[in-house]
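Step one of this worksheet: look at the structure below.
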Amino acid sequence: MSVTILVGAQFGDEGKGKIVDYLSDQMDMVVRFQGGDNAGHTVVNDSGSFKLHLIPCGIFKKGCKAFAGTGMVINPDELIKELDELESKGVDTSELYISERAIILMPYHIALDSASESSGRTGIGTTKRGIGYAYADKARRNALRFENLKDREYRLKRIEAVMPTVNAELAAKGCKTFSVEEIAAKTDEWAKKLGGRIVEPVSFINKAIDRGERILFEGQLGAMKDIDLGIYPYVTSSNPVAAYAAVSAGFPVTKIDEIVGVMKAFTSAVGDGPFPTEMNDEMSDGFRGTGNRIDDEFGARTGRARRLGWPDLVIVKFAAVINGFTSIAVCKIDKLDTYEKIKVCVGYKLNGKPIDYMPSATDLYKVEPVYEEIDGWMSDTTGIRSYEKLPENARKYIELIEKHTGVRVKYIGVGPAHDEIIVR
Ligand code: GDP
Ligand code: IMO
Ligand code: MG
């Protein structure tokens, strides 16, 4: 198990942080391979409770390198803040490295994202962290990368080259513009604070693979928010699918050994867009909690109440198909402990007819979920650590997931903390 990729199988917030933290015990390196600080990955372990946004969740394991990879868009101010927070809680961050090819997410990306979101016409419910605008600048070759922090003279030329375009857009949206000096001063500060962590990523990762190191690639968000394959336009601006780990890091897909898909035992989503199994408010309040517990259903990044719904195996199956899962981790099975009946979506109908594919957003709004109602188990699973000891109806639910996805469920989360897990 040299190269393992872990990704979200739904709309994000499936419990990736918890599973990465668990698996990192067996890893030499954990790489975040896409996204930015739109992520909120919750980890509860011996070091405390954390919601990580940019730093890979392997940071807690001694001797495990944490790598912020090329596919990311990184706001250096947020990264410095997160490093300070971890260090203040006694976490050693000396093994955090940054790809020189990763994109620098600038203050103006955040301003543009916020302005777009405030406009009723263009808003899709983003996290307002500047993600879409940073990736847009990357695609049109108007971005700066971490490599630019290594050479001040060249960096100033780049800033001078990109700012006229950026400022014209800021002005058109009624936002404050930025001077070249302002941005240059920011980059000087980032170079000082982060310069020592920047590495050439392709050899860094390929040499580690060749040495037989165990590497875990940590995805952000989930399959349904993939820019190409998800519910466009209510998606993020990168590819949270397994193949992108290889594409962005620069190693061959043939070197991937394991692909773990993480799903929540029910479904949640943050932001706008179609959600076939969404529950009404009254029902979802039961799942959501009040916000006092670490595992209550509020966005780990924005604090927004998550939209909640019944489990949807059409989505998980789709995620399995596009990613090639070799195993599935089901988190939060314990949150179904008190339900007498559980409605599991096992198919969709469109215009009254069953369909055997995942439609795009236009049609996904119109589908009618086909449910199989199963009996709940009505008992506490939080203390259980072996599959055989799970109540029979909980095992039947796990086996239903396996039947519909064709993938073995290897990990089952029964609580938010590191050891609250069943491994089969
Ligand atoms: P991520 O973005 O995929 O890392 O997931 P988040 O951290 O945003 O959201 C997952 C939430 O579920 C967090 O509040 C976790 O503490 C919690 N969680 C993860 N696994 C389990 C589990 O097995 N049981 C319970 N009760 N909570 C869990
Ligand atoms: P993790 O990694 C849940 C959602 C936003 C919005 C869409 C685009 O913790 O699972 P963006 O800010 O990326 O331009 O927003 O994606 N979104 C998330 N939803 N969990 C996340 O991250 C998310 N990151 C972005 O709500 O619908
Ligand atoms: Mg999250």
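All heavy atoms count here, side chains included; hydrogens, waters and symmetry mates do not. Counting starts at 1 for both ligands and their atoms, in listed order.
- Some N or O of Glu14 is nearer than 3.5 Å to an N or O of ligand 1, by distance alone.
- When heavy-atom distances to ligand 1 are checked against a 4.0 Å cut-off, Gln10 has no atom that comes that close, whether in backbone or side chain.
- Shortest contact from atom 25 (C) of ligand 2 to any protein heavy atom: Leu221 CD1, 3.5 Å.
- Taken to the nearest 0.5 Å, the CD1 atom of Ile110 stands 12.0 Å off from the SG atom of Cys175.
- By the 3.5 Å distance cut-off applied to N or O atoms, Ala39 is not counted among the residues near ligand 2.
- For Asp295, a nitrogen or oxygen atom sits less than 3.5 Å from a nitrogen or oxygen atom of ligand 1, counting backbone and side chain alike.
- The shortest separation from a heavy atom of Arg301 to ligand 2 is not under 4.0 Å, leaving the residue out of contact.
- Annotation: angle subtended at the Mg ion (ligand 3) by Gly40 O and Asp13 OD1 is 160°, to 10°.
- Annotation: atom 12 (O) of ligand 1 to nearest protein heavy atom, Lys332 CE, 3.2 Å.
- Using a non-hydrogen distance threshold of 4.0 Å, Glu14 does not register as a contact of ligand 2.
- Remark: distances from the non-hydrogen atoms of Arg129 to ligand 2 are all 4.0 Å or more.
- Polar contact with ligand 2: absent for Gly12 (N/O pair, distance under 3.5 Å).
- Closest to atom 1 (P) of ligand 2 by heavy atom, among Val7, Val73, Asp13, is Asp13.
- For the pair Thr42 and ligand 1, the shortest N or O to N or O distance falls below 3.5 Å.
- For Lys18 and Tyr22, the positive end is not near the middle of the six-membered ring at less than 6.0 Å and at most 45° from its axis.
- The residue among Ser268, Gly271, Gly125 with a heavy atom at the shortest distance from atom 6 (C) of ligand 2 is Gly125.
- Close approach of ligand 2 to Val235 (heavy-atom distance below 4.0 Å) involves ligand atoms 7 (C), 8 (C).
- Residue-to-ligand polar distances keep Glu420 apart from ligand 1: every N/O pair is separated by 3.5 Å or more.
- Gly12 does not count as a contact of ligand 1, since none of its heavy atoms falls under 4.0 Å from the ligand.
- Relative orientation of the Phe275 and Phe11 rings is tilted, given thresholds of 30° and 60° on the angle between their planes.
- Within 6.0 Å of OH in Tyr232 there are 12 or fewer heavy atoms belonging to other residues, nucleotides or ligands.
- In this structure, Gly8 does not count as a contact residue of ligand 2, since none of its heavy atoms falls inside 4.0 Å of the ligand.
- Not one N or O on the side chain of Thr302 forms a donor-acceptor pair closer than 3.5 Å with the backbone of Gly299.
- With values rounded to the nearest 0.5 angstrom, Asp77 atom CG is found 9.0 Å from Leu194 atom CG.
- Within 6.0 Å of the CZ atom in Arg140, the count of heavy atoms belonging to other residues, nucleotides or ligands exceeds 12.
- For ligand 2, the atoms lying closer than 4.0 Å to a non-hydrogen atom of Lys16 are 1 (P), 2 (O), 10 (O).
- The number of heavy-atom neighbours closer than 6.0 Å to NZ of Lys255, taken from other residues, nucleotides and ligands shown, is above 12.
- Here CD1 of Ile131 is found 8.0 Å from OG of Ser238. Values are rounded to the nearest 0.5 Å.
- Two rings, from Phe251 and Phe217, have their centers less than 6.0 Å apart.
- Here Ile412 contributes atom CD1 and Ile421 contributes atom CD1; the two are 9.0 Å apart, rounded to the nearest 0.5 Å.
- Classification of Glu117 and Lys173 as a salt-bridged pair fails, no side-chain N sitting under 4.0 Å from a carboxylate O.
- Between the side chains of Asn239 and Asp226, at least one donor N or O lies within less than 3.5 Å of an accepting N or O.
- The environment of NZ in Lys81 is sparse: at most 12 heavy-atom neighbours from other residues, nucleotides or ligands sit within 6.0 Å.
- Under a 3.5 Å cut-off, the side chain of Lys332 and the backbone N or O of Asp295 do form a donor-acceptor pair.
- Residues Phe60 and Phe50 bring their aromatic ring centres within 6.0 Å.
- For a threshold of 3.5 Å applied to N or O pairs, the pair formed by Thr126 and ligand 2 contains no separation below that value.
- Listed by number with element, the atoms of ligand 1 under 4.0 Å from a non-hydrogen atom of His41 are 1 (P), 2 (O), 4 (O), 7 (O).
- The closest protein non-hydrogen atom to atom 2 (O) of ligand 2 is His41 NE2, 2.7 Å.
- More than 12 non-hydrogen atoms from other residues, nucleotides or ligands lie less than 6.0 angstrom from CD of Glu373.
- For Tyr348 and Tyr357, the ring centers sit 6.0 Å or farther from each other.
- Set against the non-hydrogen atoms of Lys18, the atoms of ligand 1 under 4.0 Å away are 19 (C), 20 (N), 21 (C).
- Of the polar atoms of Gly40, at least one N or O is found under 3.5 Å from an N or O of ligand 1, judged by distance alone.
- The closest approach between Met263 and ligand 1 stays at or above 4.0 Å for every heavy atom of the residue.
- No donor-acceptor contact under 3.5 angstrom links the side chains of Arg129 and Thr127, judged on distance only.
- Ring geometry for Phe33 against Tyr244 counts as tilted: the plane angle lies between 30° and 60°, on a 0 to 90° scale.
- Closest to atom 27 (O) of ligand 2, if we only count protein heavy atoms, is Lys225 NZ, 2.7 Å.
- The ligand atoms of ligand 1 that sit less than 4.0 angstrom from a heavy atom of Cys331 are 20 (N), 23 (O).
- Among all non-hydrogen protein atoms, the one lying nearest atom 10 (C) of ligand 1 is Asp13 O, 3.6 Å.
- At a heavy-atom distance under 4.0 Å, only backbone atoms of Val414 (N, CA, C or O) approach ligand 1.
- Residues Asn393 and Asp375 have side chains that never bring a donor and an acceptor to within less than 3.5 angstrom of each other.
- Ligand 2 has an N or O atom lying under 3.5 Å from an N or O atom of Thr127, backbone or side chain.
- Between Thr236 and ligand 2, a contact under 3.5 Å exists for at least one N or O pair.
- Between the side chains of Thr382 and Asp334, no donor-acceptor pair of N or O atoms lies under 3.5 Å.
- Polar contact check, Gly17 against ligand 1: a nitrogen or oxygen pair lies under 3.5 Å apart.
- Here Lys335 has side-chain heavy atoms under 4.0 Å from ligand 1, and that is the only part of it that gets that close.
- Not one N or O of Lys51 is nearer than 3.5 Å to an N or O of ligand 1, by distance alone.
- Those atoms of ligand 2 with a heavy atom of Gln220 less than 4.0 angstrom away are 1 (P), 2 (O), 21 (C), 22 (O), 23 (C), 24 (N).
- By the 3.5 Å distance cut-off applied to N or O atoms, Ile294 is counted among the residues near ligand 1.
- The shortest N or O to N or O distance between Ala300 and ligand 1 is not under 3.5 Å.
- When only non-hydrogen protein atoms are considered, atom 24 (N) of ligand 1 lies nearest to Asp334 OD1, 2.8 Å.
- Residue Gly413 places at least one N or O, backbone or side chain, under 3.5 Å from an N or O of ligand 1.
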